[in-house]
Amino acid sequence: MTIDSKIKIKLYNTLSRKKQDFVPIKTDNVRLYVCGPTVYDYAHIGNARPVIVFDVLFRLLRHVYGENHVTYVRNITDVDDKINARAAQDFPNLELNEAIKKVTQKTTDQFHKDVKALLCLKPSFEPRATDHIDGMIEMVKLLIEKKHAYVASGEVLFDVNSMKNYGALSNRKLDEQKAGARIKVEEHKKNPGDFVLWKLSSESEPGWQSPWGRGRPGWHLECSVMSEALLGKQFDIHGGGLDLIFPHHENEIAQSCCAHDNDKMANYWLHNGFLQIEGKKMSKSDGNFITISELLESDKFGDKKWPGDVLRLAMLMTNYKEPIDFCVARLEEAEKILGKWKNTILALGLKFDEANRVEIEALGPCSKLLFALADDMNMSGVISHLHRHASGKKLHNANRLFGSLQLLGLVNFATMQEFQQARENQNQGVDVVLIERQISLRLQALSEKNWQEADIIRNELATAGISLKDGKDEKTGERITSWEIKK
RNA sequence: GGCCACGUGGCGGAAUGGUUACGCAGCGGAUUGCAAAUCCGUCUAUUCCGGUUCGAUUCCGGACGUGGCCUCCA
């Protein structure tokens, strides 16, 4: 992939609530941070959305600024009370720390499998919270020193009143919120909005020694510390789901800006919309909770397995900020379109042989498609350009189509090679000679206008799982019959 | 209750102060003895009510509806 500095990226910034020209702090190191999973349970299809959306952004940034000039950090939260609860539940006979390790390891491994199947690139760094505890303790110290945090009832709390423009990202004023509307306000807090930076652990809970006793970090602290460690005190883009705007991202900003005396943590804040399942909010109690691995490996949703590339396209058919109703019809449409594109690529003559690999992997998108993608990832515009390429008739169109799909991560050399192989291999295990003979018998019958006999042969083959396609030779006008194995 | 999004054909889904892209489905045609596949063509839409304007789907106000956050859910 080449550096394409002519492209101007525009992004909708939650901070300003406007679409803005993207201007990185340093063009030789564009820095992106996205909140990753808390590894207490398998990732569901809603979790897949930010992973896919920001993977596309990562790819766009790499294309525009160069592969080695973009740093993408997506953390793994492996310390959390939900993990503790899960560990105790799933491994009641193990010592808690052992059980926690099992849960986080198993869940992290599955997450990696899931995102790989969704054709996502690996981020540049994937830090784990438990590897950054020292940094978290340092940041808490700093916040206490600067009078932005205080100790109360064994907890260290961030004092939201100590920050002038707390609430700027979510456009919230502290006194307007129904504090403790659904949760009892703890009396040790100066302000109901104060949030935990550090809390004490019981003997059985996981904990680390700190100046405030053996304890563990609050959730928001991790991202502030890990982003600083890998991207610096101020970086370009911070992403995540819409629901994280408040309180998570607001609190990250509070921690980072107050600790570093900065007015900004990230210059651009991007948030993806939520998804629903068949028109309803996904929840375990409604029975419409579906994980990525279930979609990939089971027939729980729509009575069939869905390939990762189909899930990816289904997700990208809607622009990232909009809500998605994730339903079977959407997956079927995505599958149909993607199959058509892949067929077109092969039909127009692109060959996925090892000898061509370098050449093929260097294929890129057309500038119009890139222009649409750079416009706040306008995928609808992008997709219409893909259809335009797919309706072309020349090898050039196949090159463009593949190059564009490759940039978006919807196909790559390997997946196309597999697709090509599957088409070639389908002849294995069937008696090609017999089929060819049957076809010629049928052509014979046809030439004698013996429709009955011809249909018998076609039906026999159909029963054997072979479907015939009649075509016409462009030059001679003679009938040509090809065949394929029906699923 | 506060705050934030959003409302475009049967469905998905952009764009736009001036004939509403693109796709799926449908319909019609080509091809075919019929079918499948393929190709070509094509119907249908801006939630409602006001206002600004020569002109509003777009801007403003209101109504209705949907979703989200205010709770360590992406």
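Nothing here was measured: the structure is a model prediction, and the numbers come from that model. Residue numbers begin at 1 in each chain, while the letters A, B, ... track the order of the sequences. Just so it is clear, the values below take in all heavy atoms, side chains as well, and ignore hydrogens, waters and symmetry mates.
- If you measure from atom CG of A:Leu313 to atom P of B:C24, you get 12 Å, rounded to the nearest angstrom.
- If you check every strand for non-hydrogen atoms under 4.0 Å, A:Met379 touches nothing.
- Only the P atoms considered, B:C60 is 16 Å distant from B:G18, to the nearest whole Å.
- Each of B:C69, B:C4, B:G33 was ranked by its minimum atom distance to the side chain of A:Asp243; first place goes to B:C69.
- With P as the reference atom, B:U57 and B:C48 are 9 Å apart, rounded to whole Å.
- A:His44 comes within 4.0 angstrom of a base, heavy atoms only.
- Proximity note for A:Lys469 (side chain, C-beta onward) versus B:G33, B:A74, B:A36: the nearest is B:A36.
- Listed candidates were B:A35, B:G13, B:C70. Nearest to the side chain of A:Asp470 is B:A35.
- Within 4.0 Å (heavy atoms only), A:Asn378 reaches sugar-phosphate atoms of the nucleic acid but no base atom.
- No engagement by A:Arg388 is indicated, since no non-hydrogen atom pair under 4.0 Å with the nucleic acid exists.
- Judged purely by distance below 3.5 Å, without hydrogens or angles, the side chains of A:Thr291 and A:His44 never pair a donor atom with an acceptor atom.
- The residues A:Asp376 and A:Lys321 are annotated as salt-bridged, a charged nitrogen and a carboxylate oxygen being separated by less than 4.0 angstrom.
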Under 3.5 Å for both distances, Watson-Crick or G-U wobble, that's the pair rule; now give the dot-bracket for RNA chain B, with | marking pairs to another strand and [ ] for crossing ones. (((((((..(((.....[...))).(((((.......)))))....(((((..]....))))))))))))....
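- Side chains of A:Arg400 and A:Leu369 form no contact here, defined as non-hydrogen atoms less than 4.5 Å apart.
- A donor and an acceptor atom sit less than 3.5 Å apart, one in the side chain of A:Arg458 and one in the base of B:A35.
- Checked against B:C69, B:A21, B:G33, the side chain of A:Phe246 finds its nearest nucleotide in B:C69.
- As rounded to the nearest Å, B:G17 and B:C72 have C1' atoms that lie 46 Å from one another.
- At the heavy-atom level, A:Arg49 lies nowhere under 4.0 Å from the strands shown.
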May I have the list of side-chain donor-acceptor pairs in residues 115-123 of chain A shorter than 3.5 Å, sequence neighbours left out?
none

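- In summary, the side chains of A:Thr318 and A:Arg330 do present a donor paired with an acceptor at a separation below 3.5 Å, with no hydrogens or angles considered.
- Between B:C72, B:A74, B:C3, one nucleotide has an atom nearer to the side chain of A:Asn171 than all others, and that is B:C3.
- Classified by interplanar angle (parallel below 30°, tilted 30° to 60°, perpendicular above 60°), the ring pair A:Trp269/A:His238 is parallel.
- Sequence neighbours left out, the pairs with a member in residues 214-226 of chain A that pass side chain to side chain donor-acceptor pair (under 3.5 Å) are A:Thr77-A:Glu222, A:Asp81-A:Arg216, A:Ser201-A:Arg216, A:Glu205-A:Arg216, A:His220-A:His248, A:His220-A:Asn251, A:Ser224-A:Gln255, A:Ser224-A:Ser256.
- Donor-acceptor pairing under 3.5 Å, judged by distance alone, is absent between the side chain of A:Asp325 and the base of B:G12.
- Look at the P atom in both B:G9 and B:C3: the space between them is 30 Å, to the nearest Å.
- Looking at heavy-atom distances under 4.0 Å, A:Lys340 makes contact with sugar-phosphate atoms alone, never a base.
- Between B:G7 and B:C39, the distance separating the two C1' atoms is 37 Å to the nearest Å.
- When the C1' atom is compared between B:G28 and B:C4, the two are found 47 Å apart, to the nearest whole Å.
- Near RNA chain B, meaning a heavy atom under 4.0 Å away, the residues from residues 315-324 of chain A are A:Met317, A:Thr318, A:Asn319, A:Glu322.
- Seen from the ring of A:Phe246, A:Arg172 counts as a face-on cation partner, given the 6.0 Å and 45° thresholds.
- The residue among A:Gly240 and A:Gln276 whose nearest nucleotide of RNA chain B is located toward the 5' end is A:Gln276.
- Considering only heavy atoms from C-beta on, A:Ser124 comes within 4.5 Å of A:Phe58 through its side chain.
- An aromatic stacking contact links A:Phe274 with the base of B:A74, defined here by ring centres under 5.5 Å apart and ring planes under 30° from parallel.
- For the pair A:Lys281 and B:C73, the criterion of a side-chain N or O lying under 4.0 Å from OP1 or OP2 is not met.
- With hydrogens and angles ignored, the 3.5 Å screen pairs no side-chain donor or acceptor of A:Ser153 with any backbone N or O of A:Glu155.
- Residues passing the side-chain contact (heavy atoms from CB on, under 4.5 Å) test with A:Lys113, sequence neighbours excluded: A:Gln110.
- Both A:Lys393 and A:Ser170 sit near RNA chain B, but only A:Ser170 has its closest nucleotide nearer the 5' end.
- For A:Leu338 and B:C24, the CG to P distance is 13 Å, given to the nearest whole Å.
- Across all strands, A:Ile245 comes closer than 4.0 Å to no nucleic acid atom at all (heavy-atom distances).
- Residue contacts shown for A:Leu386 are absent, as no nucleic acid heavy atom lies under 4.0 Å away.
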In residues 445-453 of chain A, what donor-acceptor pairs under 3.5 Å come from side-chain atoms, sequence neighbours left out?
from, atom 1, to, atom 2, distance (Å)
A:Ser447, OG, A:Gln444, O, 2.6
A:Glu448, OE2, A:Gln444, NE2, 2.9
A:Asn450, OD1, A:Glu453, N, 3.2

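- Heavy atoms of A:Asp81 sit nowhere under 4.0 angstrom from any nucleic acid atom.
- At whole-Å resolution of the value, NE2 in A:His249 and P in B:C72 are 15 Å apart.
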